[in-house]
Amino acid sequence: MSPKEFVGLIDESIKLKKELKKGGNKPVLKNKTLTMIFQKPSTRTRVSFEIGMSQLGGYAVNLSSNDMQLSRGESVEDTAKTLSRYTDCIMARVYDHELLEQLSENTTIPIINGLSDTFHPCQILADFMTIKEKKKKIKGIKIAWIGDGNNVCNSMIYGAALAGSTMSIATPKGFEPAKKAVKDAKKSTNIELTSDPLKAVKDADVVVTDTYSSIHDDDPKKIKKFLPKYQVNDKLMKSAKKDAIFMHCLPAKRDQEVTSSVIDGRQSVVWDEAENRLHSQKALLASLIRA
């Protein structure tokens, strides 16, 4: 995706949000279908895509792994070729990123990453939409990431590069984001890696965190490596800019990676961020499968 395309999707997301509030979106995806594949549990991803398709006049089909012949040994390749004949787009929320690549290589329709172990790009569209709404710009914004350099962090690094934002990422040793993501982004913006959260949040416009444990990965030994140093609390937020906003992709483990006082506080925009998954999803779907 080019910077122009990225910024265009953000602006279209804001436009669709305003349009919905004024009475409803135009049915630009009438008679279009989205097939959603879920290996992982989902709240925001499923609801935003399913309702988003409906608000644009289309229809979404929800499939869990157990609903599909994949669970009985059918190959990804055969599944992909079949679904290509039925639907206009596939969104897959998976464990292994390689599955998305296999789907993409064997379909003639767009494949959307609804989350993988490596990336979560749809979340980042909503995040930068939220930043644009709150800060009136995305270029030149400093984002501080605190905690685990996970799939969301990897995608935010690419998003920062496309937006012209900078990032300061504070993680414990061994939990840094993907080296390739950092290397790619550094070609066009400043990405700083540190082990010091206070250094990361200095002069930050946006402070972001995520859970330390992914779905089905709740290792207490891992969590001990993050606490209390990498918790976003009132003290840490005070080290950012006075008008800094706090973001979290949710679900949050309150009083672990973030205190309740922060996530429920005046600087938190997590509920607007969550809502914006709906609007940014619609902009993405319309750009990919509009007639």
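Owing to the predicted nature of the structure, the values given are computational and were not obtained by experimental measurement. In what follows, every heavy atom counts, from backbone to side chain, and hydrogens, waters and symmetry copies are set aside.
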Practice task
Could you please spell out the steps behind the ring pair (Phe, Tyr, Trp, His ring centres under 6.0 Å) verdict for Phe6 and Phe128?
Solution key: CA-CA 10 Å; Phe6 183 74; Phe128 277 93; 5.5 Å; yes
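- Partners of Asp88 under the side-chain contact (heavy atoms from CB on, under 4.5 Å) rule, at least two apart in sequence or in another chain, are Lys32, Thr33, Ile289.
- The existence of a salt bridge linking Glu275 and Lys21 is confirmed by a sub-4.0 Å separation between a basic side-chain nitrogen and an acidic carboxylate oxygen.
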Practice task
Could you walk me through whether Phe246 and Thr209 pass the side chain to side chain contact (heavy atoms under 4.5 Å, CB included) test, one step at a time?
Solution key: CA-CA 8 Å; Phe246 171 74; Thr209 192; 3.7 Å; yes
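- Between Lys229 and Asp196 there is no salt bridge, since none of the side-chain N atoms of the basic residue sits less than 4.0 Å from a carboxylate O of the acidic one.
- Remark: the Asn150 side chain and the Asp210 side chain contain an N/O donor-acceptor pair separated by less than 3.5 Å.
- Evaluated for a side-chain contact (heavy atoms from CB on, under 4.5 Å) with Ile169, the options Ile146, Leu193, Val208 yield exactly one hit, Leu193.
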Exercise for the section: Could you give me the CA-CA distance, side-chain angles and deciding distance for Ser280 and Ser13, then say whether side chain to side chain donor-acceptor pair (under 3.5 Å) is met? Expected result: CA-CA 5 Å; Ser280 58; Ser13 302; 5.0 Å; no
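- Using modelled atom types and a 3.5 Å distance limit, the side chains of His97 and Thr118 yield no donor-acceptor pair.
- The pair Lys17-Glu133 meets the salt-bridge criterion, since a charged nitrogen lies less than 4.0 angstrom from a carboxylate oxygen.
- Of the charged side-chain nitrogens involved, at least one lies within less than 4.0 Å of a carboxylate oxygen, so that Lys241 and Asp205 count as a salt-bridged pair.
- Checking Arg277 against Thr45 by side-chain atom types alone, a donor-acceptor pair falls below 3.5 Å.
- In this pair, Phe226 and Tyr212 present their aromatic rings parallel. The plane angle is below 30°, not in the 30 to 60° band.
- Ion pair Lys238/Asp234 not flagged as a salt bridge, since none of the NZ, NE, NH1 or NH2 atoms sits closer than 4.0 Å to an Asp/Glu carboxylate oxygen.
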